[in-house]
Amino acid sequence: MAKVAEEWLNICGGCEISILDLGETLLDLLPSLEFVHMPVLMDHKYFGQTGEKTELEIPEADVGLISGGIRNEKEKHVAEEMRKKCKTLVALGSCACFGGIPALANMYPKEELLETVYRDSKTTESNGIPSQDLPALTDKVYAVDEVVKVDVHLPGCPMNPATILEALTCLLEGKPFELPERSVCDDCPTKREEKSDVALKRPLQDAEFVPGEYDKMRCLNEQGILCLGPVTRSGCGKPYLEGEENVPRCIKGYMPCRGCFGPIRKGANPQVEMMSALSSIGLDAKLIEDRRAFLNRYIGGQNRLRPLPPKVRR
Ligand code: SF4
Ligand code: SF4
Ligand code: SF4
């Protein structure tokens, strides 16, 4: 029986839903798992059930799962405690692996963000910045592995249940688990002509497609609809239910990949690689609005997004 602890840090809760999306398979796994800590499901308090303890306490576990990146001192403390108590630590989802959407905030200094939210916003009554009984914000949003050692990364916003199942099964059987170093394009069935003769389209403009016939749809980049498939790790389309096809999740909805699975390999530079992928089919990446945010939408932690001086930003 493997003991499992799960924690959610700077999150939306979607990664936890992805665990529940395992459905009946989760029931099959339950006899070999003992969840000893999981705030989304269990009322397990950090400082004892009645607040009687003075130290944060998370039970010991064989596998620790953390979703969400780190935005405040409490989350940092919890991540450190999880590392101390869990033999194997897994970063669940893109927020934990790379900072995720919240790390777009790393484009701005913390003080400027607080000013905007609590003082400058047109829809907010100008107010003080709350601090009483609240953990202090960290200087920026961190991916979990910037703060503690992470043994397994499971990216995705949220992750694919098939990947969670595979990773959990490997961990339970003591086998290594690694995602393949392939791109979303490698799994994409669309038709490619390796050139584009259209101008870049506005985000959310519809693609041309024949419903259900992915191999008849022309590659979205070639249609002028920016798709981060060339620089994003594959895996989101991995079939989970019987009869499912291995088609990347967004392509299945005739939408471009936004890069949630992160870089294809450690140390890759998706920003530079994407610009070269676009120029190879004749598109000018310099025309992308808000290029830094677009190319780092899910991966702004790990120092990929930093505040630029105000003059450059304007
Ligand atoms: S990775 Fe996506 S689904 Fe998971 S916590 Fe972050 S925003 Fe939510
Ligand atoms: S760029 Fe997008 S649409 Fe084109 S092949 Fe890659 S994943 Fe498919
Ligand atoms: S296609 Fe891209 S953005 Fe969509 S789920 Fe897959 S990796 Fe994420």
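We count ligands from 1, going down the list as the structure has it; atoms in each ligand are counted the same way. Source: prediction; values computed, not measured. As a basis for the values below, the full set of heavy atoms in this structure was taken, side chains included, without hydrogen atoms, waters or symmetry mates.
Heavy atoms of S94 approach ligand 1 to within less than 4.0 angstrom. At least one heavy atom of G156 lies less than 4.0 angstrom from ligand 1. Distances shorter than 4.0 angstrom do not occur between any heavy atom of P248 and any atom of ligand 2.
Taking every non-hydrogen atom of C236 and a distance limit under 4.0 Å, the qualifying atoms of ligand 3 come out as 1 (S), 5 (S), 6 (Fe), 7 (S). Residue contact check: G259 has heavy atoms under 4.0 Å from atoms 2 (Fe), 3 (S) of ligand 3. Of all atoms in ligand 3, numbered sequentially from 1 with element shown, those under 4.0 Å from a heavy atom of T232 are 7 (S). Applying the 4.0 Å criterion to heavy atoms of P158 picks out, from ligand 1, the atoms 3 (S). Below 4.0 Å from some heavy atom of I11 lie the following atoms of ligand 1, by number and element: 5 (S). Proximity to L220 (heavy-atom distance under 4.0 Å) selects the following atoms of ligand 2: 3 (S), 4 (Fe). Close approach of ligand 2 to T190 is summarised as follows: ligand atoms under 4.0 Å from at least one heavy atom of the residue are 3 (S), 5 (S), 8 (Fe). Atoms of ligand 3 found under 4.0 Å from any heavy atom of F261, numbered from 1 in the order shown, are 7 (S).
Nearest protein neighbour of atom 1 (S) of ligand 2, counting heavy atoms only, is N221 ND2, 3.4 Å. Scanning the protein heavy atoms around atom 8 (Fe) of ligand 3, the nearest turns out to be C260 SG, 2.3 Å. Protein heavy atom closest to atom 4 (Fe) of ligand 3, with residue, atom name and distance, is C250 SG, 2.2 Å.
With distances taken over non-hydrogen atoms, the option nearest atom 7 (S) of ligand 1 out of G13, G100, C157 is C157. Nearest residue to atom 3 (S) of ligand 3 from R249, R233, R258 is R258 (criterion: closest heavy atom). Proximity annotation for atom 6 (Fe) of ligand 2: of P230, C188, P256, C185, C185 comes nearest, heavy atoms only.
Ring geometry for F209 against Y254 counts as parallel: the plane angle stays under 30°, on a 0 to 90° scale with 60° as the upper cut.
Side-chain contact between R71 and T138: present, with at least one pair of heavy atoms (C-beta onward) separated by less than 4.5 Å. The closest side-chain heavy-atom distance from F98 to V141 is not below 4.5 Å. Residues L278 and M274 meet the side-chain proximity criterion, which asks for heavy atoms closer than 4.5 Å.
Comment: K195 does not engage D197 in a salt bridge, judged by the lack of any side-chain N to carboxylate O separation of less than 4.0 angstrom. At a threshold of 4.0 Å, the pair R292-D290 does not count as salt-bridged, since none of the basic side-chain nitrogens sits closer than that to a carboxylate oxygen. Salt-bridge annotation for R218 and E193: present, with a side-chain N of the basic residue lying under 4.0 Å from a carboxylate O of the acidic one.
More than 12 non-hydrogen atoms from other residues, nucleotides or ligands lie less than 6.0 angstrom from CD of E52. Other residues, nucleotides and ligands contribute only 12 or fewer heavy atoms inside 6.0 Å of the CD atom of E24.
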Any chance you could lay out the salt bridge (Lys or Arg N to Asp or Glu O under 4.0 Å) test for E81 and K84, step after step, and finish with the verdict? CA-CA 5 Å; E81 186 65 11; K84 270 191 225 153; 3.8 Å; yes
Apply the test salt bridge (Lys or Arg N to Asp or Glu O under 4.0 Å) to residues D62 and K87: give CA-CA distance (whole Å), side-chain angles for both, the deciding distance (0.1 Å), then the verdict. CA-CA 5 Å; D62 299 298; K87 288 184 195 146; 2.9 Å; yes
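At a heavy-atom cutoff of 4.0 Å, ligand 2 is contacted by no atom of E222, backbone or side chain.
The distance from atom 6 (Fe) of ligand 3 to the nearest N/O/S atom of C257 is not under 2.8 Å. Note on C227: not counted as a metal contact of atom 4 (Fe) of ligand 2, no N/O/S atom lying under 2.8 Å.
Going from atom CG of N296 over to atom CZ of R291 covers 11.0 Å, rounded to the nearest 0.5 Å.
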